[in-house]
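Quick notes on the structure that follows.
Below, all heavy atoms of this structure are taken into account, side chains as well, without hydrogens, waters or symmetry copies. Below, chain A is the first sequence line, B the second, and so on; all start at residue 1. Only a predicted model underlies this, so the values are computations on that prediction, with no experimental measurement involved.
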Number of protein chains: 2
Amino acid sequence: MSKREEEYLETMYILQKNKGVIRVKDIAKALKVKPPSVVDALKKLSEKGLVEYEKYDRILLTEEGRKIAEDTYSKHKLLTQFFVGILGIPPEIAEQDACQFEHYVHEETVKRMMEFAEFIQENCSGVLKQFLKERIEKEK
Amino acid sequence: MSKREEEYLETMYILQKNKGVIRVKDIAKALKVKPPSVVDALKKLSEKGLVEYEKYDRILLTEEGRKIAEDTYSKHKLLTQFFVGILGIPPEIAEQDACQFEHYVHEETVKRMMEFAEFIQENCSGVLKQFLKERIEKEK
DNA sequence: TCACCGAGTTAGGTTTGCCAAAAATGTTTA
DNA sequence: TAAACATTTTTGGCAAACCTAACTCGGTGA
């Protein structure tokens, strides 16, 4: 599984979820590549059994492809939550970082981030609030 | 600057620091590639003015190359510190993650991590200690 | 000093991902 | 329904990184 393949799967998953259908044009737009690159990728992913693809036909993720995409997307969301909710990083930057890190981050790291967030919120949520408040003020 | 180029520069920087000299063989070993790949990379980096390289001669980073390498390496260290010292992630995993994230992470994110670490240590270091202690116990 | 060995280099080839241009297919509308 | 438009696909090519095999260089020991 290359990083790029994961990105294609994740993009398709999100398109499916938001638009109901997956189209070459939309994948291309989301990943900032041209349509021929998308077709190349679809063929490869299809050979690997991660995507159902017949030319000019509708595009679908297979069970296995969807599983990988969901996994990636879930890391994406958890990372973003941590960056924004704990570190107070501006959403756009958090998004950018999550978008890359999601492909490399160890399971254990994500787990710890979640546990840490929970622990802090339970044991010193006041301090956390103060930290976030200060950051937001500095931004002005 | 590609991720891979940064990795070459960082590796060279660390070799320089630890061994005093930079050798093709050692770069290859560190990056798990074969010597010809290193030579390819050195030629490109030299064309970009980031490395001083003449064949069969000693290898050096230029001022500019060193700056990039230091920058990357500093992110590496800060990320590792945060992962280990705040989240309590096992050093090997922290190292792995830092090693990837360092090439993508936004300046702002690293800055926030440092500020957050400082803030927590000053305002609820007891809670942090407890969190880390619990994690270490769970690991057994 | 010179043959040899390890380190470094070159040549030639692979894979992955991307693109532009042109061809094929699908869709919409006059 | 057929022309016009949009989308998708194919073709052919490029660049980044990597590799194996073969060659070159530099230092070492006989």
Side-chain angles (χ1 to χ4, degrees), chain A residues 1-16 18-62 65 68-69 72 99-100 102-104, chain B residues 1-16 18-62 65 68-69 72 99-100 102-104:
Chain A
M1 228 344 56
S2 78
K3 180 192 171 192
R4 204 46 169 164
E5 282 173 334
E6 267 181 28
E7 285 174 337
Y8 274 101
L9 293 176
E10 188 185 16
T11 300
M12 291 166 67
Y13 174 76
I14 293 169
L15 284 171
Q16 179 74 265
N18 294 345
K19 295 203 161 191
V21 285
I22 302 168
R23 276 178 309 168
V24 171
K25 204 185 65 164
D26 295 328
I27 301 174
K29 192 178 167 193
L31 290 178
K32 292 178 183 152
V33 298
K34 303 295 176 190
S37 308
V38 174
V39 175
D40 285 354
L42 289 174
K43 283 178 184 167
K44 267 193 210 155
L45 291 169
S46 158
E47 272 168 30
K48 293 194 180 185
L50 302 174
V51 165
E52 264 180 55
Y53 171 70
E54 292 294 335
K55 59 179 176 172
Y56 295 112
D57 201 356
R58 77 202 190 304
I59 303 166
L60 292 174
L61 289 173
T62 63
I68 294 170
T72 305
C99 205
Q100 296 297 320
E102 65 189 4
H103 303 291
Y104 300 110
Chain B
M1 230 339 61
S2 78
K3 180 190 172 192
R4 205 42 170 164
E5 283 174 333
E6 267 181 28
E7 286 174 336
Y8 275 101
L9 293 177
E10 189 185 16
T11 300
M12 291 167 67
Y13 174 76
I14 293 169
L15 284 171
Q16 179 73 264
N18 294 346
K19 294 203 161 192
V21 286
I22 303 169
R23 275 178 311 168
V24 170
K25 206 185 63 165
D26 295 327
I27 301 173
K29 192 178 167 193
L31 290 178
K32 292 178 183 150
V33 297
K34 303 295 177 191
S37 308
V38 175
V39 175
D40 284 356
L42 288 174
K43 283 178 184 168
K44 267 193 210 156
L45 291 169
S46 157
E47 272 168 30
K48 294 195 180 187
L50 303 174
V51 165
E52 265 179 54
Y53 171 70
E54 291 295 334
K55 62 177 175 173
Y56 295 114
D57 201 356
R58 78 203 190 304
I59 302 166
L60 291 175
L61 291 172
T62 62
I68 294 170
T72 304
C99 206
Q100 297 296 321
E102 65 187 6
H103 303 290
Y104 301 110

Worksheet item: How long is the span from the CG atom in A:L61 to the CD1 atom in A:I68, to the nearest 0.5 Å?
Response: 9.5 Å
Fill in: From CA spacing to verdict: side chain to side chain contact (heavy atoms under 4.5 Å, CB included), A:M12, A:L42
CA-CA 10 Å; A:M12 291 166 67; A:L42 289 174; 3.9 Å; yes
Discussion item. Tell me which one of B:V39, B:L60, B:I22 satisfies side-chain contact (heavy atoms from CB on, under 4.5 Å) with B:Y53.
Written reply: B:V39
Practice prompt. Pull out every residue in residues 47-61 of chain B that has a heavy atom closer than 4.0 Å to any atom of DNA chain D, ordered by number, or say none.
Written response: B:Y56
Worksheet item: Do any pairs count as a salt bridge (charged side-chain N to carboxylate O under 4.0 Å, His left out) and have a residue in residues 33-48 of chain A, sequence neighbours left out, and if so which ones?
Response: A:E5-A:K48
Discussion item. I need the residues from residues 20-28 of chain B with at least one non-hydrogen atom less than 4.0 Å from DNA chain C; give them sorted by number, or say none.
Written reply: B:R23, B:V24, B:K25
Worksheet item: Does NZ in B:K29 sit with more than 12 non-hydrogen atoms of other residues, nucleotides or ligands closer than 6.0 Å?
Response: no
Worksheet item: Can a salt bridge be assigned to the pair B:E6 and B:K3 using a cut-off of 4.0 Å between side-chain N and carboxylate O?
Response: no
Worksheet item: Between B:A28 and B:P35, what is the shortest heavy-atom contact and its length?
Response: CB-N, 4.0 Å
Worksheet item: Using a cut-off of 4.0 Å between protein heavy atoms and nucleotide atoms, how would you tag nucleotides 13-20 of chain C 5' to 3' with B, S and -?
Response: ---SSBBB
Worksheet item: Which atom pair, heavy atoms only, marks the closest approach of A:L9 to A:L45?
Response: CD2-CD1, 4.1 Å
Item to complete: Would you grab the first and last nucleotide of DNA chain D (5' to 3') that comes under 4.0 Å of any non-hydrogen atom in chain A?
Response: D:dT7 to D:dT10
Response to the item:
Contacts of A:Y13 meeting ring pair (Phe, Tyr, Trp, His ring centres under 6.0 Å) (sequence neighbours excluded), chain-then-number -> A:Y73
Fill in: Pairwise side-chain contact, B:V33 with B:Y8, heavy-atom cut-off 4.5 Å (strictly under)
yes
Item to complete: Determine yes or no for a side-chain-to-main-chain donor-acceptor pair under 3.5 angstrom, with A:T11 supplying the side chain and A:I27 the backbone.
Response: no
Discussion item. Within the 4.5 Å heavy-atom criterion, are B:R58 and B:V21 side-chain neighbours or not?
Written reply: no
